[in-house]
Protein chains: 2
Amino acid sequence: MPSATVENYVKKILVLSLETSEGQVGMGEIAKGLDVAAGTATSMIKTLEREKLVRYKSRQGVTLTAKGRKLGMDMLRRHRLVETFLVETLGLDWTEVHQEAEELEHAISDKVLDRLDEFLGRPEFDPHGDPIPTKDGKFAERRIRNLLECQSKQPCTIKLLTDQSTDFLNFARRKGLVPGTAVEVTNRDLISDAVELGVGKGKPFTLGSKAAKKILVSS
Amino acid sequence: MPSATVENYVKKILVLSLETSEGQVGMGEIAKGLDVAAGTATSMIKTLEREKLVRYKSRQGVTLTAKGRKLGMDMLRRHRLVETFLVETLGLDWTEVHQEAEELEHAISDKVLDRLDEFLGRPEFDPHGDPIPTKDGKFAERRIRNLLECQSKQPCTIKLLTDQSTDFLNFARRKGLVPGTAVEVTNRDLISDAVELGVGKGKPFTLGSKAAKKILVSS
DNA sequence: GACGAGACTTTGACTAATCAAAACCAAATC
DNA sequence: GATTTGGTTTTGATTAGTCAAAGTCTCGTC
Ligand SMILES: [Mn+2]
Ligand SMILES: [Mn+2]
Ligand SMILES: [Mn+2]
Ligand SMILES: [Mn+2]
């Protein structure tokens, strides 16, 4: 059976490859993402290759094999189901469950995971709005997006603010950006790295991408 | 923080020392109990000594320090709370939860453990009848005993049969030894290694110690 | 008191995962 | 075409945990 380390690498590669659309992931991203030295990633990738979990072209990048994708999806499922349990059942805050799940995902057996899934009512989304893969690796669309990801001119509702610092919360309150408020991205400018946002009937204002990323909405 | 391995060793030493009353545990028991080579245990014990978790007299045995007992009790608490959760909440069978808990006990944070404890209603006993230590390492008496452990002439009720094999279950049914039945140990003979048992008003019969150990009762 | 058996310890070797630093490569710049 | 530079790979070392097998003690028996 794969070690926790192998599981973490494969999960990270899957997530990165989903973000980049081409499916090829660079060594640097992996090392960065897992907070290990570059050489550590290189050598671990060779192990994964021996296990037929990835294909690896030296100095080009890594792609998951079918076997790797399967394992990755399974880990994503574990991770997100555990997060859901921690929030729904034990009442932890959604901002703190990621770290917990990072450990528990490796310790939970298939059987227990199944029971947990059943107990939770086979949820489709985790507390962060990320879809929970089914046992056969199926995937819904992300339900919650941040303001950078969401489409222009589409009305949507603020769900959460990722940055819980007082400064940010105060700024948000001043602008009327509180959960429940209807907003709409009126314009997006990739060059100036900003998003123009309409709140209710007030006049639209502009938000930098850093801030836009911290505001989660559902449509 | 202690590794999972360290936690397993300390927990095992605690359990063994509780069984033997003198609190001193031999190297052989530890190696056997953890299913490692004798030399592995010796070298690991030296590590535990460096961490001030045990006192170690070469070729004599090991005792826990206060720090070690604390860690051991904490692990026992984790283990048994997790078992309780798996049975009570997820409906697993009490015969299969030990292995699951063996992994999960290391992956669960203090915070999550606390919430779990609360969620379960601060249970005092795990599904095997073993007491769950409180956060400050307090301990109730074992609630469920096997027929070898329970006192003579004390009426008690059959709770569980540890051996689930068809042969054993058939034998038990023939003798009326099913959960719920009131029984009483009428006599115990350590030399012949047997227990005389009265079931209801039928005439008492004798059980070997192997079989007696498989029958759990509460009083 | 010597002997042997069984328990315990030591030794030497191995694996997984990691890092720091040196070596290397490829692509953009001069 | 030569050079620089930034990412990648290689190298050499380290740590935790493990085993097999060789060596050492201790204790009960003669
Ligand atoms: Mn993880
Ligand atoms: Mn999540
Ligand atoms: Mn364990
Ligand atoms: Mn138990």
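Order of the sequence lines fixes the chain letters, A, B, ..., with proteins taken first and strands second; residue numbering starts at 1 for each chain.
- Mapping B:M27 and A:V6 onto DNA chain C via the closest heavy atom, the residue that lands nearer the 5' end is B:M27.
- The distance between atom CZ of B:R50 and atom C1' of D:dT15, rounded to the nearest whole Å, is 12 Å.
- Atom NZ of A:K32 is separated from atom P of D:dG6 by 15 Å (rounded to the nearest Å).
- In this structure, A:I45 places its CD1 atom 9 Å from P of D:dT9, rounding to the nearest Å.
- For B:S43, no side-chain nitrogen or oxygen approaches OP1 or OP2 of C:dT9 to under 4.0 Å.
- Here B:Y9 reaches the OP1 or OP2 of D:dT18: one of its side-chain N or O atoms lies under 4.0 Å away.
- The aromatic ring centroids of B:H128 and B:H98 lie 6.0 Å or more from each other.
- An OP1 or OP2 oxygen of D:dT9 is reached within less than 4.0 angstrom by a side-chain nitrogen or oxygen of A:Y56.
- Side-chain atoms of B:A37 lie closest to D:dC19 of the nucleotides D:dC19, D:dG17, D:dT26.
- In this structure, B:F205 has its ring center at least 6.0 angstrom away from the ring center of B:F171.
- We find that CE of A:M44 is positioned 15 Å from C1' of C:dC19, with the value rounded to whole Å.
- For the OP1/OP2 pair of C:dC19 and a distance below 4.0 Å, the side-chain nitrogens and oxygens of A:T40 include at least one atom meeting the criterion.
- Taking atom CG on B:L48 and atom C1' on D:dA16, their separation rounds to 13 Å, with Å as the unit.
- When distances run from any side-chain atom of B:V36 to the nucleotides D:dG23, C:dC25, D:dC19, the shortest one goes to D:dC19.
- With A:M44 as the partner, the side-chain contact (heavy atoms from CB on, under 4.5 Å) test is satisfied by one option alone out of A:V6, A:I30, A:V36: A:V6.
- Applying the 4.0 Å criterion to OP1 and OP2 of C:dT9, one finds that B:S58 has a side-chain N or O inside that range.
- One can place CG of A:D35 at 11 Å from P of C:dT18, the figure rounded to the nearest angstrom.
- Taking atom CD on A:Q60 and atom C1' on C:dC24, their separation rounds to 16 Å, with Å as the unit.
- Considering only side-chain atoms of B:R59, the nucleotide from C:dA17, C:dC24, D:dG23 that sits closest is D:dG23.
- Rounded to whole Å, atom C1' of D:dG7 lies 14 Å from atom CD of A:Q24.
- Listed nucleotides: D:dT8, C:dT9, C:dT18. Nearest to the side chain of B:A38: C:dT9.
- Looking at heavy-atom distances under 4.0 Å, B:G28 makes contact with sugar-phosphate atoms alone, never a base.
- The aromatic rings of A:F85 and B:F85 sit tilted, their planes meeting at an angle between 30° and 60°.
- Between B:D110 and B:R78 there is a salt bridge, since a side-chain N of the basic residue sits under 4.0 Å from a carboxylate O of the acidic one.
- Here A:T5 reaches the OP1 or OP2 of C:dA17: one of its side-chain N or O atoms lies under 4.0 Å away.
- Taken from CD in B:E103 to NE2 in B:H79, the straight-line distance is 11.0 Å, to the nearest 0.5 Å.
- Using a 4.0 Å cut-off, some side-chain N or O of A:T42 falls inside it from OP1 or OP2 of D:dT9.
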